[in-house]
> 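Dropping the structure in here first, questions after.
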There are 2 protein chains.
Amino acid sequence: MDSKYTIQDIADMAKVSKSTVSRYLNQGYISQEKMDKIKQVIKETGFQSNFFAKRLKMKQSKLIGIILPRMDSVTVGKLLEGVNRILEPEGYQGLILVSDLKKQKEICNISNLQQQGVDGIIIDSLGITRGHLQLLKSFDIPVVFTGQQHTAVHYVKIDDEGAGRIMGAYVRQKGHHHVVFAGVTNMDRAVGIERKQGFIDAFMENHPKAKVDFVKTGFSFESAYASGSEILAFKPTAVVCATDNIGLGVLRYLHEQKIKVPQEISVAGFGGYAVGVVSYPALTTVAFDYELVGMKTAQGLLDLIAGKKMESQSNLPLSFIERESVCGRQRDGVDKDRI
Amino acid sequence: MDSKYTIQDIADMAKVSKSTVSRYLNQGYISQEKMDKIKQVIKETGFQSNFFAKRLKMKQSKLIGIILPRMDSVTVGKLLEGVNRILEPEGYQGLILVSDLKKQKEICNISNLQQQGVDGIIIDSLGITRGHLQLLKSFDIPVVFTGQQHTAVHYVKIDDEGAGRIMGAYVRQKGHHHVVFAGVTNMDRAVGIERKQGFIDAFMENHPKAKVDFVKTGFSFESAYASGSEILAFKPTAVVCATDNIGLGVLRYLHEQKIKVPQEISVAGFGGYAVGVVSYPALTTVAFDYELVGMKTAQGLLDLIAGKKMESQSNLPLSFIERESVCGRQRDGVDKDRI
DNA sequence: CTGTTAGCGCATTCAC
DNA sequence: GTGAATGCGCTAACAG
């Protein structure tokens, strides 16, 4: 295959022993004379040491396994960008595996990566199950989760509950009493439970007339769009969506129904994707910094690999972005405002 | 590190030789009796063969290097999705490196991957330079480009020129005479030259009154938005944008300027991203199937690895998506329609 | 069918 | 400082 030079070849050419070449490649400890000679030969031949032979000796792969639920998502892209920013300068490379939104495959991927001899694993998880914990116990390579949390593992994630609370407080303060929360399956703890509960808690607090109806939808624009009529049936004054994607789908549905946003119904989302600003109206949202999440996650893993401790955290900074899709309601003008 | 069992350990435990275990792991050719014994021991120990030792022998890494201009982009996500769909069933894994939009880094990444001993490389290139070709000549591992083309390499890409032509014909047929093409640097041959030229050629054909002004902008939503006033200064009846992202930025600018699209100005893009449908109005565009590109690219590479030939192609199917952002013009109502 | 032997390319003792 | 020798864990002839 790669009909390449070996360390022996260049040793011969430089008229030294291969250990000398090896030293040149690693610590040093050789005379200037041989050093120059070797350098020259290496340059001429374009020699590069065999990755696998090296790793076999070194017991270190400099490879980090990265398990992702899917590839074609904005948040995943941002996350990777952040992870890469930390890994690359340290000489690590990411080995990416995709779970296709299946928890079972996520577990397969873990064991796969472990077998490949990666130095650590980052998992943007769909949900941490007993299966995960059991598998993780069976070997001792460092693992950091993101996206989901669990007391038994290391994790770095956004504050889903806090994000929900921010939105809940905002919508309440805007004078809304009756909202539909368009959320996802509670198989996804972070988004399906924490984020939703945060919203409900803050929205309900000291808010006697408050009412929240729940409509379950998927993560995609299309499924959100398809839930439009179900949402409308509750006649809310505002729709709070578990993700910006869902918000965009709802917005589209409303637009096609000729329902004015935010005049007739307000809409809000979570995520802060750049696309939120291209919709009409631009989507009010709680923004997450996934690139930062990626950086923190990678740094945590590197710490673990170095034998240091790492602190799990689920409190990464959030920012509220008020755009155009939510408007205020008169103190008591609820429900009657709409037919 | 991974204080793991070796093939020797399990050979001892099963009271056979390690070659027998190796056979068990690979082809077969052993008695049922020993087979059962080995299977049991492996199960008990959770043994897994050492990845690096195996690769060192096999001269095959089952690793495919993938070089991307950046991570956080929708097209890249789709592409990877497609690549992965082909690679995974064949037991290959992708090793992803990011070029941060720098051609020089793209070249470094190539040589990096080659050193790692990948079996092949896929490059979503920023532009194929002499540096690329020279480096590629220095080793013989299969490489397939996408995103850009060059006669001296293998490539699979969308038909940028054809896409441009489709849009050119459409806009002309809609009765527009004066358009601004909001494009990117011609350092990017595919988008900056081929796509633009295709548009201009088709638009100009048998179209005496036609006029195309060019405004150079970046790939981002923000830079497109910032180019808004420059575009408007030409007073076109339509703006054709080199990508949907640019189109979205222009749309946003126009929206904020209270200029009605498409009544006052039409806008179109290229790409067919899902987000095009959430803008207001929804963006008319030529859609590319990047997932298909990914699949074709990966398949081509696999063919090359298998010693087969592969045909480069730049004619992957396109689809025109007519949405709301372009409208017809009266035969001579040009320019005067706008102040 | 099975055990023995011999490397894959490299890092790292150990004497010199 | 430097070279010779050893083995990382595995696969692939080689004889039996």
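Proteins get letters first, then strands, A, B, ... in listed order; numbering begins at 1 in each.
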> Measure the angle between the two terminal helix axes of the helix from C/dC1-D/dG16 to C/dC16-D/dG1, five base pairs each, and quote it to 10°.
40°

> Below 4.5 Å, heavy atoms only, C-beta onward: do B/I66 and B/L80 meet side chain to side chain?
yes

> Checking A/D124 against A/T146: is there a side-chain donor and acceptor pair closer than 3.5 Å?
no

> All N/O contacts under 3.5 Å from nucleotides 11-16 of chain C to the protein, with atom names and distances to one decimal?
unit_1	atom_1	unit_2	atom_2	d
C/dA11	OP2	A/S22	OG	3.1

> Give a yes/no on whether any side-chain N or O of B/K59 is located under 4.0 angstrom from OP1 or OP2 of D/dA12.
no

> Could I get the full list of side-chain hydrogen bond (donor to acceptor under 3.5 Å, both in side chains) partners for A/N315, not counting sequence neighbours?
none

> Indicate whether the side chain of A/S17 and that of A/T20 have a donor and an acceptor atom separated by less than 3.5 Å.
yes

> List in chain and number order the residues that pass side-chain hydrogen bond (donor to acceptor under 3.5 Å, both in side chains) with B/Q48, two or more places apart in sequence or in another chain; answer none if no residue qualifies.
A/Q114

> Does anything in residues 82-110 of chain B pair up under salt bridge (charged side-chain N to carboxylate O under 4.0 Å, His left out), and if so which pairs, sequence neighbours excluded?
A/E88-B/K105, A/K105-B/E88, B/R85-B/E291, B/D100-B/K105

> Classify the side-chain pair A/Q40/A/D36 by whether it contains a donor and acceptor separated by less than 3.5 Å.
no

> B/T6 side chain: which of C/dC8, D/dC10, C/dT2 is closest?
D/dC10

> Select base, sugar-phosphate, or nothing to describe what A/F47 touches, counting heavy atoms under 4.0 Å on all strands.
sugar-phosphate

> Under the salt bridge (charged side-chain N to carboxylate O under 4.0 Å, His left out) rule, collect the residues that match up with B/E81, sequence neighbours excluded.
none

